[in-house]
Amino acid sequence: MHNHQEQQATQFGFITLGIESSCDETGIGLYHSEFGLIGHQLFSSVKIHAEYGGVVPELASRDHIQRVLPLIKVVLAEAKFTLQDLSGIAYTAGPGLAGALLVGAAVAKSLAWSLDIPSLAVHHMEGHLLAPLMEEPQPEFPFVALLVSGGHTMLIDVKAIGQYKILGESLDDAVGEAFDKTAKILGLGYPGGPALAMLAEQGNPDAFKFPRPMVDRPGLDFSFSGLKTFARNTFAKHPNKKADIAKAFEVAAAQTLMIKCRRALEQTKYTTLVVAGGVSANLSLRKELNQMGKKVGANVFYPRQEFCTDNGAMIALVGHFRLSHGQRDTHYEIDIKPRWNLEELSQIE
Ligand code: KG4
Ligand code: ZN
């Protein structure tokens, strides 16, 4: 670190800017070593993609280009900071859409270079995983983490920041993807997860019983593509029962996740469960997990609703942990990791 930065770090704290651009949301966060999260903004390009029924990668990239600098300006201005106050810049380097990731990486590295401060590549799923640390009370290590997003369904043994062992994952569709595809089958449009959850509220839970995939097999892996097929077949036979089908799907997905979480807690003997990623916003899932937690004596933690889905705050948080411990990018090339295994991450010393 330069002398000037060291001084800044002691006098004013360590200030990290976080940039998220892995999919269809541009997120910016600002994290202060003493005051925690001091600002964040999100711009979603979801409306642009809605007419195509899913994310169009090239449109997402172009939108990030337009949004990212204005959003950084807003976040800094609202927190009454300037670029010169920053101690480091973290950005999502993967996993995600290559073109979208490149926008955040290019902006982060160029800005960091021009300000003579370090930049750091952050793993998007580590962002989701640690997002509950921004809440009170905070979960304590070690814990089991259930990560449920549009691209991933994973159970992880988390011993400390950067010490991750994947206990189980989806063999086919991610659970968020299954929500989105089932919503599409029911004609609910994109993005489907929240729409399906809303419709399910009016559904009769006893109308249909969907299978709980893979719960009778040992292990902690998941499979959700069968649930979507079950929904398609049921809808073909009962086209007027949309809400009941949505309910049956949601309950089956939530209970399947709950059963595997219970098994992971038994296996690790941990008493803390952390749930994050877009689907952790689902209230039916939260209900199942909270009931199970009470039964087995485990505490369950979630991010606040707005930090369940993609955001810049979680990237600023991870950046803060790692940059303030001296981790940083070691070269100026703009490289991204559209595929990136969480287990490869380094521990914080
Ligand atoms: O974490 P996220 O914002 O992006 C990824 O990293 O994938 O997760 C998005 C996923 C989508 O599949 C979306 O449908 C789902 O999370 N989702 C929900 C809910 N809110 C978002 N699924 C079920 N119920 C919700 N309330
Ligand atoms: Zn995400």
Side-chain angles (χ1 to χ4, degrees), residues 18-27 29 42-46 49-50 53-55 57 60 91-97 100-101 104 122-132 145-154 169-170 173-186 188-201 203 222 224-225 227-228 231 246-258 274-289 302-315 317-318 338-340 342:
I19 303 176
E20 157 61 34
S21 73
S22 67
C23 192
D24 56 354
E25 256 126 17
T26 319
L42 187 78
F43 191 89
S44 173
S45 64
V46 68
H49 308 288
V55 179
Y91 59 95
T92 303
L97 303 170
L101 292 167
V122 166
H123 193 295
H124 179 80
M125 297 312 288
E126 185 176 43
H128 279 304
L129 174 57
L130 299 181
L146 172 70
L147 292 187
V148 277
S149 71
H152 295 85
T153 307
M154 295 194 280
E169 53 195 329
S170 181
D173 292 353
V175 65
E177 193 180 353
F179 264 91
D180 293 338
K181 286 179 176 170
T182 303
K184 207 172 188 172
I185 291 167
L186 298 177
L188 300 179
Y190 166 85
L196 187 140
M198 234 161 79
L199 183 64
E201 278 176 29
F222 303 94
F224 287 105
S225 70
L227 270 188
K228 163 200 72 191
K247 184 75 187 175
F249 168 86
E250 187 184 50
V251 171
Q255 288 188 352
T256 304
L257 291 168
M258 177 275 286
V274 163
V275 191
V279 184
S280 68
N282 187 278
L283 297 179
S284 196
L285 174 64
R286 289 187 178 208
K287 199 174 120 204
E288 292 289 344
L289 294 174
Y302 309 88
R304 71 193 78 164
Q305 286 280 330
E306 66 177 322
F307 293 161
C308 288
T309 43
D310 291 350
N311 64 86
M314 67 187 193
I315 304 304
L317 175 79
V318 174
R339 287 175 175 273
W340 190 0
L342 199 60

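Counting convention: from 1, in listed order, for ligands and their atoms alike. The basis for the numbers below is simple: all heavy atoms, side chains too, and nothing from hydrogens, waters or symmetry mates.
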For [X], take its heavy atoms, then give the atoms of ligand 1 lying under 4.0 Å from any of them.
X: Gly151; answer: 7 (O)
X: Ser149; answer: 1 (O), 5 (C), 6 (O), 7 (O), 8 (O)
X: Gly150; answer: 5 (C), 7 (O), 8 (O), 9 (C), 10 (C), 12 (O)
X: His128; answer: 1 (O), 6 (O)

- request: Please confirm if an N, O or S atom belonging to His128, backbone or side chain, lies less than 2.8 Å from the Zn ion (ligand 2).
  value: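 So His128 does bind the Zn ion (ligand 2) by this criterion.
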
Inter-residue atom distance [X].[atom1] - [Y].[atom2], 0.5 Å rounding:
X: Thr182; Y: Glu250; atom1: OG1; atom2: CD; answer: 11.0 Å
X: Ser280; Y: Arg304; atom1: OG; atom2: CZ; answer: 13.0 Å
X: His152; Y: Met125; atom1: NE2; atom2: CE; answer: 5.5 Å
X: Lys228; Y: Asp180; atom1: NZ; atom2: CG; answer: 11.5 Å

- request: Kindly confirm or rule out an N or O of Thr309 lying under 3.5 angstrom from an N or O of ligand 1.
  value: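 N/O-N/O distance below 3.5 Å does not exist for this pair.
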
- prompt: Below 3.5 angstrom, do we get any N/O pair linking Glu25 and ligand 1?
  reply: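 So ligand 1 has no N or O lying under 3.5 Å from an N or O of Glu25.
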
Which heavy atom of the protein is the closest neighbour of [atom], given with residue, atom name and distance?
atom: atom 22 (N) of ligand 1; value: Gly193 CA, 3.6 Å
atom: atom 15 (C) of ligand 1; value: Val279 CG2, 3.9 Å
atom: atom 3 (O) of ligand 1; value: Asp310 N, 3.0 Å
atom: atom 24 (N) of ligand 1; value: Asn282 ND2, 3.0 Å
atom: atom 13 (C) of ligand 1; value: Asp180 OD1, 3.7 Å

message: For the NZ atom on Lys184, are there more than 12 heavy atoms of other groups (residues, nucleotides or ligands in this structure) within a distance under 6.0 Å?
response: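 12 or below, so no.
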
task: Nearest 10° is fine: what angle sits at the Zn ion (ligand 2) between OD1 from Asp310 and NE2 from His124?
output: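 The angle at the Zn ion (ligand 2) comes to 90°, rounded to the nearest 10°.
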
field: Taking every non-hydrogen atom, the tightest pair across Ala60 and His49
entry: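 Answer, listing the atom of Ala60 first, then His49: N-CE1, 3.6 Å.
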
task: Go through His128 and Asp310 one step at a time and tell me if the side chain to side chain contact (heavy atoms under 4.5 Å, CB included) criterion holds.
output: CA-CA 8 Å; His128 279 304; Asp310 291 350; 3.0 Å; yes

- prompt: Going by the angle between their ring planes, with limits at 30° and 60°, are Phe249 and Phe179 parallel, tilted or perpendicular?
  reply: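 Phe249 vs Phe179 ring planes: perpendicular.
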
With the threshold set at under 4.0 angstrom, would you say [X] reaches ligand 1 through any of its heavy atoms?
X: His124; result: yes
X: Cys23; result: no
X: Pro191; result: no

- prompt: Is the backbone N or O of Asp173 less than 3.5 Å from a side-chain atom of Ser225, with the two atoms forming a donor-acceptor pair by type?
  reply: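 Not a single qualifying donor-acceptor pair exists.
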
field: Thr153/Phe224 under side chain to side chain contact (heavy atoms under 4.5 Å, CB included): CA gap, chis, key distance, verdict
entry: CA-CA 10 Å; Thr153 307; Phe224 287 105; 3.8 Å; yes

task: Check whether the side chains of Glu20 and His124 place a donor and an acceptor atom closer than 3.5 Å, and report yes or no.
output: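 A pair is found: one side chain offers a donor N or O, the other an acceptor, under 3.5 Å apart.
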
message: Among Ala195, Gly278, Gly176, which one puts a heavy atom closest to atom 8 (O) of ligand 1?
response: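 The residue whose heavy atom sits nearest atom 8 (O) of ligand 1 is Gly278.
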
